Every structure is written in C-alpha cells, then in structure tokens.
Amino acid sequence: MSDIIQLLPDSVANQIAAGEVIQRPASVVKELTENAVDAKADSITINIKDAGRTLVQVIDNGTGMSDTDARLSFERHSTSKIRTADDLFAISTMGFRGEALASIAAIAHVELKTKQDNNETGTHIIIEGSKVVSQETTSCTKGTNFAVKNLFFNVPARRKFLKSNTTEFGHILSEFQRIVLAYPEIEFKLYHNDSEIYLLPKANIRQRIVAVFGKRINQNLITIESNTSIISVSGFIGKPEYARKKSGEQFFFINDRFMRSAYFNKAIINAYDQILQPETVPSYFLYFDANPSTIDVNIHPTKTEIKFEDQQAIWQILHSAVKQALGKNNIVPSIDFNQEQGFDIPVLSKDTDIRNPQIEIDPTFNPFEHKKPTNQNPKSSAISLEKENLVNWDKLYDGFEKENQQSNDFSFISIGNSQQTITDQSISDKYFHFKNKYILIPIKSGLMIIDQKRAHERILFEKFLQTLSSESAVTQKSLYPKTIELDTKDHALLMEINHDLKTLGFDIDDFGGNSIIINGMPVDSGNQEPEQIIDKFLNEYLTKEVDAKIQAKEKIAKSLAKATAISSNQHLNNEEMWEMVDLLFACQNPNYSPFGKLIVSIITTDELEKRFN
Ligand code: ADP
Ligand code: MG
C-alpha cells in the first residue's frame, strides 16, 4: 500500500479552530480508539493502568500504517482524512484534525507498533515529549498498537489537575461507552489494571446496549424510527417508569459519532411530558443520520457539540418520533373515554398536589351519570376528590395537536394513529370478570382488559410510597399479638427497616433472639395472615431487586405491594371491579405494574372485526 498521509495546507489548518485535545487520560482513550475505528478495525482492545496515568494502550486489527505514515502521523496537522477545506464539511470519519497524535506525543511516552496487511514487517517507533527516540522495523501482526505511558510527564500542572483514579476511570468509561454504542459491529475489550471490565462481542445495537448496561435494560427499550428528508432518527427510548434520577444512559449519535445536545435532550423530555416522575430522566439511545453537508462538527474542539442547518425542524421531528413511540407502546393509553362522563385517565402535572388514594368509596357515585358535579359530596367520594386534582389525560396530546398543525409544514412527519378523538361514548357500567383474573371493559375503541393482580400491585405500590413519605398510615392493632421466629438475616433486615414498616402501619417489635412480635398490621393489608405477608414480603425484598439505584423506600413499597396484592384467582364483584379500575386510573402510572409488567391492554374494534371477516 502506498503512503497516504499528507500535510494539511495552512489555509485548511487555520479553518480548524485550535483547541486542547488532550485534557485527561480519557481524551487519549477517545482519540486512539477513534483512530482504530477509522482504520476499519473490527476488534479493538484497550488496556488501562491506574486510570490511564501510567498506561493507555489501544490495539487494533485495522489497516495499519506504512513506515513513513507511522512517522508522519505524529506531525501536527498530519491526517489521511482530509485534503481540502471542502472535505471538512463532508467528513464522515471520527478524527480529521490531524492533531491528536501530535498532541499526545508532546506530553507522554508513546510507543507505536504498526503493520499493513501486505507488508512483511512492521514499524516500531518510540517518541518521548515529541522527540523520536527510535524507529526500527519489527515483526508484528496486522494493525496498530499504541501504548501511551506516563501521561503529562512533562506538564506537572496538568498532572496535578487530574482527579482521583475513580473519577478519571469514570471519564474513560463514558468515552468508551460513547464509542462502543456507535459501533456494535466492532468487538471491544476493555481491561483496567489487568482485570476485564468489558468484553463486547460483535452485536446489533440493542444487544450492544444490553451488553453495556446489563440485562435489566432490555425490557425497558422502546424502538424508535423516523425517516425524513432532513434527517433519519432510529434507536431506542426508555419506558417512563424506568426513568432514573441519575443521568448516564442518554446518548445521541450523529452519523455514528457521539454528540451532546441539551437542545435535543429537551425535545425528548418534553415529549414524555407529564408521564415522568419528577426529576427523573428517561434512557435514550438515538442515532441520527444526516447528510454531512448539513452539519457543522467543527464548533467544538472535542467535537461533541454539533450544529445542524435545520435545528428546529429536527427538534420537531425528534419530538414527534418520541411521542409516537410512546403512544404506540401504550405508555400513553389511547383510550377514548368521554371526559364529561367522568371517567378519565389521570396524568399528574409537575405542580399537582399528589394526594393519597383513599379506599373508602361512595357506592352511589356513578361516574357515567351525566352532569353530576364531582365535588358535590366531597366527604363520601374519595374518587371525586381525586378527580379534582387530575389533569385530563388527553392534555398529553395538546402538544401533539399543535404538532399536527405544524406538520403541514413538515409533510414528512407522519403522526400515525396515536391521537384519537374523544367523542360519544359507549361504556358499559357492568364489568365482566374473566377467569377471576381479568377485568373486561367495553370502551368505544374496543375492549379494554385489565390484569387485576398487577392493577392492585400498582395501586398499593403508589399508596405505600405516598404513605412512606407522608407518614400517615393507620395501624390495625391485633387482639392477639403474634410472635414469629425468623432466621438471623431476615430478622436483622426487618429490624433495619422497621421504621419504614411502622410508617406503613406495621407494629412490629423485637422479641429477643431472632423472633419478632407482630402487634398490628396496616388496616388495609387484606385478609392474609400477618406471618404470610411478612414471609412474602421478605421473600420479595431479599430475592428480587439488588439494584442499588432503587431507593430503599421504593423497594419496600414494591415488595409490600407484591406481598399484599390480591391473587390472580380471586373473585371480584362488580363493585370491587369498579373500585379497582377507578383506583388504578387514579394512579400516576396506570399502565405498568411496579415491576414493569403490562396492566392494561386493549383489543381494538378493528382487530375484533377482523376475526369475523
Ligand atoms: P486524525 O485522526 O485527525 O487524522 P490523528 O493525529 O489522530 O489525526 O492521526 C493521524 C493519522 O495517523 C490519521 O489520519 C491516520 O492516517 C493515522 N493513524 C492514526 N491511528 C491509526 C491507526 N490506529 N491505524 C491506522 N492509521 C492510524
Ligand atoms: Mg484521530
């Protein structure tokens, strides 16, 4: 292969804003790994020592370099990736400034071994602080092996500025994730101090996301896809109930390059609208494809901030795509109850005062009775009280309608059928109970099916969570306190969370040894025996979630909801079904159980009619 590197003319060099390329070890990882990707490697190994202070080594099986290119690659503005200013705007590779290797070589001890496929031998170069110490031929495998040692050895100020190893390695991990998520077709291995951190086989995007973030993320992903003449967007967004307080799973890629964008982030958060718990951010992995001539990647020295010609249009496209994906997944229920008839699926706005769902119910309250003011009898109707607070669910679509109008300007946006009109209604007030498991409700657009156990879990979960924060539970004192013998671990755990359990209405005391005495239970803990509930609760609490991200209170509420929910085989009369459905739709998130399982499913009239064709 012939030599391919040329020096950039000054005119081009000047168009490239100067910037500091190497700020910390993570920058070295980024630059070397991107070069390996550009060299068409399909397997890349990264070795890190001491968070990159002593070693960052990147080994690839890509094209390799000729002897001359290997030497030239360390010169400032040496690049094989652009030749003229025009190329700058059509660039589709990762690097292009031709200054990474030059910068690295200036501030570290660098060792390079590289060989092209058709060459017998390779080149071995050692450079220290820009000075070539040696260059000789060597025998090595095809590809390139860069070892960067003693970073900032000659820039003590820089070295001092480095944070703890944990922090620096954290930066390395984020750079690593940004690259591996963009190139699932490349195998990556990452080692730190000789222990394996990631072994990522070749995969598709979904598999790669799961390989990086763990299996739990798989059921959380909703596919997103939108193709327009301006931009194509594909990838995944996270279900709202999996949104976390901590960020870290939010990624935009443009033409396979990671990009930061507070602006597009807003488009997404805005599309989730009121279905997110306060202060949580959903995961997203969004891949944009655009004509390189419509983007300017050169506005930031580390090239993660990108300017688009059609920022606003892209904002709209993204916003619609996310809304549509959420709608399709029934996160936003596309049910067409008539608001006036009083049956609404609530969505809480940020400033809604969340109240504790109450269990007493007014049996005379008929939500379908026309024009009955819902606050007529506030004392006896817990549900009507709730309703005052609730923002109509169809408000979710306010933005959507606006978009629909705007979509005239963007004829390529297809809104799909997510939006349904709420007009006349034909809801039956007699519910049908199927197999003591499902509640069936005819609605205008078809047949709604509710899983009773999951619905109850959701109702209890939200109630427990609120009780835990408001400390307002009522205890039902037992006439005959019960003692239970537990094993050491269970006993210790119960005592540890006893305060929270008390808040929920439990009255449990240590009874010496590994025993506890149960003096009282929450008033609404059903008709199960206390020891049965404690047992199920412990089982759930101890076996399921080991996810430290889930807060303790949430975990308690989840486990207790599971332990006290009615079974999948319990008969419910019509009134009980009513109560269940009403309480469910008074929940913040009626669609999924606290364990992420679907609660509400709708068979549309269309689907039904097709069966009789
Ligand atoms: P840039 O990536 O912006 O071109 P760099 O300083 O990162 O600049 O690299 C300079 C040149 O060295 C690249 O253009 C490329 O030709 C060559 N090079 C760097 N790393 C590799 C590699 N791993 N495999 C093959 N060639 C490489
Ligand atoms: Mg580069």
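Treat the numbers as computed from the prediction; the structure is a model and nothing was measured. Numbering of ligands and ligand atoms starts at 1, following listing order.
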Plane angle bin for F264 and F308 - parallel if under 30°, tilted between 30 and 60°, otherwise perpendicular: perpendicular

Close-contact set for ligand 1 against A100 heavy atoms, below 4.0 Å: 6 (O), 7 (O)

Geometric N/O contact D38 with ligand 1, under 3.5 angstrom: no

Ligand 1 atoms in contact with S73 (distance to a heavy atom under 4.0 Å): 10 (C), 12 (O)

Spacing of Y198 atom OH and I46 atom CD1 [to the nearest 0.5 Å]: 12.0 Å

4.0 Å heavy-atom contact, M65 with ligand 1: yes

Ionic contact status for K558 with E241, cut-off 4.0 Å: no

Atom indices of ligand 1, in the order listed, that fall short of 4.0 Å to a heavy atom of F146: 20 (N)

F253 ring center within less than 6.0 Å of F285 ring center: no

F74 heavy atom under 4.0 Å from ligand 1: no

Salt-bridge criterion met for R178 and E175 (N-O under 4.0 Å): yes

Contact summary for L200 and A211, nearest pair of heavy atoms: CD2-CB, 3.7 Å

Mode of D60 contact toward ligand 1 - side chain, backbone, both, neither (heavy atoms, under 4.0 Å): side chain

Nitrogen or oxygen atoms of E31 and ligand 1 under 3.5 Å apart: no

Min N/O separation T144 to ligand 1 under 3.5 Å: yes

Residues that S234 engages under side-chain hydrogen bond (donor to acceptor under 3.5 Å, both in side chains), provided they are two or more places apart: none

